[in-house]
Amino acid sequence: MIILISGSGYMGKTYMAQNLLEKYKISYFSIDHLKMGIYRGMSNCGFTPTDSTEVIGDRLWPIIKGIIMTNIENKQSLIMEGCYILPHYLKEFEKNYRDKIIPVFLGFSTSYIQENYETKIIKNRCVIEDRGELKAEDISEFRIKEYMKENEEYRTRCNKYGEKFFEIRSNYEKEIAMVYDYIDIQKQQIESGFEEGSDIR
């Protein structure tokens with residue numbers, strides 16, 4: 001079973017992965033670490049850390065896909081988190097793999113961003129990872145508009161490719177709790193299927 005957590009930046013993806021690790025005792029893997037490991041270890045990796053989500057995602061996806069398939073084939077569970085998992089990638093999996101994957105795409109509504117960007121979203125950006133000191137450009141009007149666009153793009157992609165999109169609209173704690181509930185239900189359903197003993201390979 002694979003739990004994929006993706007979506008916009010500052011959504012709490014790493015925090016969610018950490019919470020799920022503690023709850024389910026399933027290891028999690030940060031795609032940001034994979035990105036930086038490849039970038040630092042391969043001089044001709046084909047991307048830089050500042051490239052777009054699509055450019056980096058397209059480069060990393062074959063590796064991520066291979067990790068997912070191997071874990072499912074070995075009946076091992078893993079949580080993977082990072083913004084570079086895009087909805088259309090999941091269409092590449094055959095049904096026997098796809099049925100063992102729980103994809104979670106997270107985003108904020110435009111109104112939530114407008115009301116809470118500086119007071120809640122940016123304020124909580126270092127809960128798990130040290131993202132450095134807050135800079136003026138991080139809270140500029142341009143960055144807020146870019147962030148709104150980023151969230152809208154995830155929503156649009158999920159709608160286009162039929163993936164569930166969890167949008168925080170007013171109460172982060174209450175609405176994110178519903179995402180945890182969804183994951184729990186999906187996990188139970190997958191584990192019931194595993195107990196039937198189907199061989200993925």
Side-chain angles (χ1 to χ4, degrees), residues 1-41 45 47 49 53-54 56-90 92-93 97-108 121 123-132 150-151 154 157-158 163-168 172-173 175-194 200:
M1 176 190 66
I2 306 294
I3 301 173
L4 299 179
I5 306 170
S6 187
S8 304
Y10 311 145
M11 279 300 313
K13 297 184 294 297
T14 306
Y15 183 65
M16 174 175 279
Q18 179 70 39
N19 286 340
L20 293 175
L21 178 154
E22 294 172 1
K23 180 177 181 179
Y24 298 138
K25 310 305 178 189
I26 298 174
S27 298
Y28 82 81
F29 181 80
S30 170
I31 296 172
D32 276 334
H33 294 170
L34 175 66
K35 173 189 75 176
M36 293 309 300
I38 292 174
Y39 174 70
R40 287 175 167 169
C45 67
F47 66 84
T53 299
E54 291 81 4
I56 297 174
D58 286 349
R59 290 286 183 175
L60 297 183
W61 177 246
I63 300 170
I64 296 168
K65 181 182 177 183
I67 293 172
I68 291 170
M69 293 176 69
T70 301
N71 274 266
I72 292 174
E73 289 166 359
N74 293 329
K75 296 187 177 180
Q76 295 173 312
S77 296
L78 182 66
I79 301 161
M80 302 184 79
E81 64 88 12
C83 64
Y84 304 109
I85 302 169
L86 300 177
H88 65 278
Y89 295 155
L90 301 181
E92 296 182 15
F93 288 112
Y97 290 98
R98 185 63 175 82
D99 288 346
K100 304 298 186 293
I101 300 171
I102 305 171
V104 173
F105 292 94
L106 302 170
F108 290 117
I121 297 172
K123 182 181 178 181
N124 294 318
R125 72 199 230 287
C126 295
V127 170
I128 296 292
E129 298 172 297
D130 183 358
R131 299 177 183 270
E150 179 183 329
N151 278 262
Y154 267 104
R157 287 190 183 110
C158 285
E163 296 297 338
K164 194 169 181 66
F165 181 74
F166 296 90
E167 184 176 74
I168 305 301
Y172 184 90
E173 289 75 18
E175 293 172 62
I176 208 71
M178 295 173 66
V179 181
Y180 285 102
D181 290 342
Y182 170 82
I183 293 171
D184 202 45
I185 292 169
Q186 297 299 309
K187 178 178 178 290
Q188 292 176 31
Q189 291 178 350
I190 290 175
E191 288 175 341
S192 296
F194 268 130
I200 203 77

For M36, does the CE atom sit with more than 12 other heavy atoms under 6.0 Å from it, leaving out its own atoms? yes

Greater than 12 external heavy atoms within 6.0 Å of F166's CZ: yes

Partners of F165 by ring pair (Phe, Tyr, Trp, His ring centres under 6.0 Å), sequence neighbours excluded? none

Close side-chain approach of [X] and [Y], heavy atoms under 4.5 Å:
| X | Y | result |
| --- | --- | --- |
| Y97 | I68 | no |
| S30 | E81 | yes |
| Y28 | T14 | yes |
| I176 | I168 | yes |

For the [atom1] atom of [X] and the [atom2] atom of [Y], what is their distance to the nearest 0.5 Å?
| X | Y | atom1 | atom2 | value |
| --- | --- | --- | --- | --- |
| M80 | I67 | CE | CD1 | 4.5 Å |
| Q76 | K100 | CD | NZ | 14.5 Å |
| L86 | F105 | CG | CZ | 7.0 Å |
| Y84 | I64 | OH | CD1 | 10.0 Å |
| N71 | I26 | CG | CD1 | 10.5 Å |
| L20 | I102 | CG | CD1 | 9.0 Å |

[X] side chain to [Y] main-chain N or O, any donor-acceptor pair under 3.5 Å?
| X | Y | value |
| --- | --- | --- |
| D184 | Y180 | no |
| K25 | E22 | yes |
| S6 | G82 | yes |
| Y89 | G57 | yes |

Sequence neighbours left out, what passes side-chain hydrogen bond (donor to acceptor under 3.5 Å, both in side chains) with E92? Give chain and number order. W61, K65

Can you list the steps and then say if M16 with I183 is a side chain to side chain contact (heavy atoms under 4.5 Å, CB included)? CA-CA 11 Å; M16 174 175 279; I183 293 171; 4.2 Å; yes

Over all heavy atoms of both residues, which pair between [X] and [Y] is shortest? Give the atoms and the distance, please.
| X | Y | result |
| --- | --- | --- |
| E163 | R98 | OE1-NH2, 2.8 Å |
| R59 | C45 | CD-O, 4.0 Å |
| P49 | I56 | O-CD1, 3.9 Å |

Verify side chain to side chain contact (heavy atoms under 4.5 Å, CB included) between D58 and F47, making sure each step is shown before the conclusion. CA-CA 10 Å; D58 286 349; F47 66 84; over 6 Å; no

Sort out for me which residue in L4, N19, I3 forms a side chain to side chain contact (heavy atoms under 4.5 Å, CB included) with I79. I3

The test is side chain to side chain contact (heavy atoms under 4.5 Å, CB included); show your working for D99 and F93 and say whether it passes. CA-CA 9 Å; D99 288 346; F93 288 112; over 6 Å; no

Basic-acidic side-chain contact under 4.0 Å: K35, D32: yes

Should M11 and V104 be marked as a side chain to side chain contact (heavy atoms under 4.5 Å, CB included) after you check the CA-CA gap, both sets of side-chain angles, and the distance that decides it? CA-CA 12 Å; M11 279 300 313; V104 173; over 6 Å; no

